[in-house]
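Letters A, B, ... are given to chains in the order of the sequence lines, protein chains preceding strands, and every chain is numbered from 1. Nothing here was measured: the structure is a model prediction, and the numbers come from that model.
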Number of protein chains: 2
Amino acid sequence: MVARRRTIKDIAKESGFSLSTVSLVLNNHPRISQATRDRVMAVVKKYNFYPNSAARGLASKSSRTLSVVVPNLTRVFSDIYLGEIISGIYERATSQGYKILLDIATAQFIKSQEYTKLLASRRADGMLFIASDIHADYLSVFEDSPYKFLLVNHVFPGKKLNYVSVDYAASARLAAQHLLGLGHRRIGLIAGTNTFTGLQFRDEFLRVCKTWQAGPAKVAWVDGGEEWSQRGGYAATAKLAAQLPELTAIMAANDRMAIGAMRWMADNHREVPEQVSVMGVDDIQLAAYVNPGLSTIRHDLYQVGIESCNRILQLIKGEITECSDLLPTSMVVRGSTSRVPVG
Amino acid sequence: MVARRRTIKDIAKESGFSLSTVSLVLNNHPRISQATRDRVMAVVKKYNFYPNSAARGLASKSSRTLSVVVPNLTRVFSDIYLGEIISGIYERATSQGYKILLDIATAQFIKSQEYTKLLASRRADGMLFIASDIHADYLSVFEDSPYKFLLVNHVFPGKKLNYVSVDYAASARLAAQHLLGLGHRRIGLIAGTNTFTGLQFRDEFLRVCKTWQAGPAKVAWVDGGEEWSQRGGYAATAKLAAQLPELTAIMAANDRMAIGAMRWMADNHREVPEQVSVMGVDDIQLAAYVNPGLSTIRHDLYQVGIESCNRILQLIKGEITECSDLLPTSMVVRGSTSRVPVG
DNA sequence: TCCGCCCATTAAAGCGTTTTTCCGGCGAGG
DNA sequence: CCTCGCCGGAAAAACGCTTTAATGGGCGGA
């Protein structure tokens, strides 16, 4: 026969105090004297007692749990992108006593409306939805809903949804300024068009190039593929080279595609950066290790995770009622970009 | 003022049935007639009602939640290894109505004994602990404990801990047989020595090589580093080449280190496989894409995830009381290995 | 027509906490 | 010496569901 699980009642009996006192001790309530606290805690330690979290959740109307939903990329966890964000969220959530409930936005997850169920059943106090794409219309449910919901590193123009994201338009400006400042006027852009942030980046990049004071640049752009992969970047570069043979720079919407572009250049005997400058976005670890080092825009995704978690907790506590943060980005100059070649 | 959250009581009142009937309907109890079921569900749908999971957990003494603990590698989620396993666990857990609580085995997590707390507080019904290292002594707590605990792709010789893992010794045999069968007798082994499975692999590989019928092989081994990385494999290869210059084959304990080895060979003008055969373990996606394709031992980690989840659920239901499964592996021959060069 | 039986349904007792209200005693101030 | 206020602690009412034992009604068999 298995020993009955201990409850707060057992602790109360053993320590000689009432149920409520024990509860107050366990919650660090200031009304309890140190002497009482010590005596209760001694018993708690002795029995290695941990209060039942279901009972706690029921009584306190809070699960102290955050739902984190990640996109359903096939190899989702291999994407460094996610790792950074999740680490940030985890760090912050844990430090505030919150646990993380993980979900993957599979077709089944969407179809069965798990995202609603999780919050409606109070299994989670709030939801962090990481980086979905432009087709996630079902998220409209969370407009003006009582549920605490936050998009992470993603925005949804036209929808009233809270978000914390890197400022992709600002990144586009930094990138364009860097390349234009180096004299490039024929640029190939490898864009990601399956996310709104990707579209923002593309549009802002094109806008800045078109309106550049020192003379507008000619930009050809192609889509780098749904996966934003090295492979996609490679293929896109081939297309751009055919479309705009005189290009002197390639701008890719992320580092992986940029590395694919560098690979294509190497395979096709174009020197980087002597003949063609290549630039990416994100500043993944690999960016510093390729040869030449990849010039890029740094996106601090760990920080995005931290900040997202801060915000959702504030939403939960009612300290704020909405949130639309754009985090700053910065230019990282390495060897893959240089002044436009003469002639 | 915010609308009061609906409860089962509201559904009962509205549908004209009792509390218990509604509850039984929600739990698909067979004793309820179809007519009743339909009428209750109509109201449930109408109000978009989902039962409070804390109340449910409290009454049923089950959280329907699994704790998944992943190792605290810096870039933990970038490791494809984990992605596969977690995907498998998630798939299975979800199909059985279980949710996943994610934790990272940080120093803090260990120190504060979160692993105990999670189970003691009944926040999770069971714990899946992924791939820790040889220093995880604190897991002894789970020997003969009432808590449902399972090591995933890891074993702990000498401890009575449940596990589901790939059979690393079998992999070592397959690998050794392949290389020895190709005539190799001077082999460099890049081992991982910070996990028990890594040690098992090394020892079994050495044993088979030493006792090979057609003539034993000379094997030099070095450690590939804590991270089992490409970089580590590269450095290890350099050491091996110095230590056993006449080697004709490199065996690495995982594909990433093997790819590092191939890189070293390329940088040092050794032809693979003409001069040196190289072989890995895992069969990561990249293994098929390097040139030449990497011969390796296939480890189906998605399946490890699936099977682990099956087992922990059986442990929770009491269908089994212990578990020590080793999943089979298989040889994948690609271009990086060939017959030993003559002379 | 009456008796039992079986079935769907219900009543009620938890499940283990939190939290609000209440209470008794003690010290300080008048 | 009395009263007021304060403070640590206790009682008790939720919290929203599950689950078991009890109930009542309808039906078949005698």
Verify the contact: side-chain N or O of A/Thr21 to OP1 or OP2 of D/dA10, cut-off strictly under 4.0 Å; return yes or no.
yes
CG of B/Asp38 versus C1' of C/dA8: gap in Å, rounded?
15 Å
Reckon A/Arg56 touches a base, only the sugar-phosphate, or nothing at all at heavy-atom distances under 4.0 Å?
sugar-phosphate
The side chain of A/Asn52 lies closest to which of these nucleotides: C/dG16, D/dG16, C/dT9?
C/dG16
Between A/Lys61 and C/dT17, is there a side-chain N or O to OP1/OP2 distance below 4.0 Å?
no
Closest nucleotide among D/dT18, D/dC17, D/dA10 to the B/Asn27 side chain:
D/dT18
If you measure from the Lys or Arg side-chain nitrogens to the Asp or Glu carboxylate oxygens, is any gap between B/Glu114 and A/Lys99 under 4.0 Å?
yes
State whether the distance check finds a donor on one side and an acceptor on the other, under 3.5 Å, for side chain A/Ser20 versus base D/dA11.
yes
Rounded to whole Å, the CD1-C1' distance (A/Ile11 to C/dT17) equals 13 Å
Quick one: is D/dG16 close enough that its OP1 or OP2 comes under 4.0 Å of any side-chain N or O from B/Thr7?
no
Establish, yes or no, whether the cationic atom of A/Arg6 lies under 6.0 Å from the six-membered ring centre of A/Tyr47 and within 45° of the ring axis.
yes
Value in whole Å for how far the C1' atom of D/dT18 lies from CD1 of B/Ile32
13 Å
Return whichever of B/Phe49 or B/Arg31 has its heavy-atom-nearest nucleotide of DNA chain D closer to the 5' end.
B/Phe49
Under the 3.5 angstrom rule, does the side chain of A/Asn162 hit a backbone N or O of A/Phe149 as a donor-acceptor pair?
yes
Heavy atoms only, 4.0 Å cut-off, all strands: where does A/Ser23 land among base, sugar-phosphate and nothing?
base
Among D/dA21, C/dG16, D/dC17, which nucleotide sits nearest the side chain of B/Ile8?
D/dC17
Checking side-chain polar atoms at under 3.5 Å, does B/Asp103 have a donor or acceptor matched by the opposite partner on A/Tyr90?
yes
Starting the side chain at C-beta, find the nucleotide from D/dC17, C/dG16, D/dT18 nearest to B/Ser60.
D/dT18
By the 4.0 Å heavy-atom rule, please label B/Thr36 as base, sugar-phosphate, or nothing.
sugar-phosphate
Without decimals, in angstroms, what is the distance between B/Arg37 CZ and C/dC7 C1'?
14 Å
Side-chain donor-acceptor contact under 3.5 Å, A/Thr195 with A/Asp133:
no
For A/Leu24 and C/dC22, what is the distance between atoms CG and P respectively, to the nearest whole Å?
17 Å
Pick one: which of A/Ile89, A/Asn153, A/Leu150, A/Leu151 meets side-chain contact (heavy atoms from CB on, under 4.5 Å) with A/Ile130?
A/Ile89
Contact nearer the 5' end of DNA chain D, comparing A/Leu19 with A/Pro30
A/Pro30
Using a heavy-atom cut-off of under 4.0 Å over every strand shown, decide if A/Leu26 touches base, sugar-phosphate, or nothing.
nothing
Side-chain atoms of B/Ala59 come closest, of C/dG16, D/dT19, D/dT18, to D/dT18
Nearest-Å distance, CD (B/Gln34) to P (C/dA8)?
12 Å
In whole Å, what is the span from the CG atom of B/Asp10 to the C1' atom of D/dG16?
11 Å
Whole-Å distance between C/dC15 C1' and A/Leu58 CG?
9 Å
The side chain of A/Phe17 lies closest to which of these nucleotides: D/dT19, D/dA10, D/dC17?
D/dA10
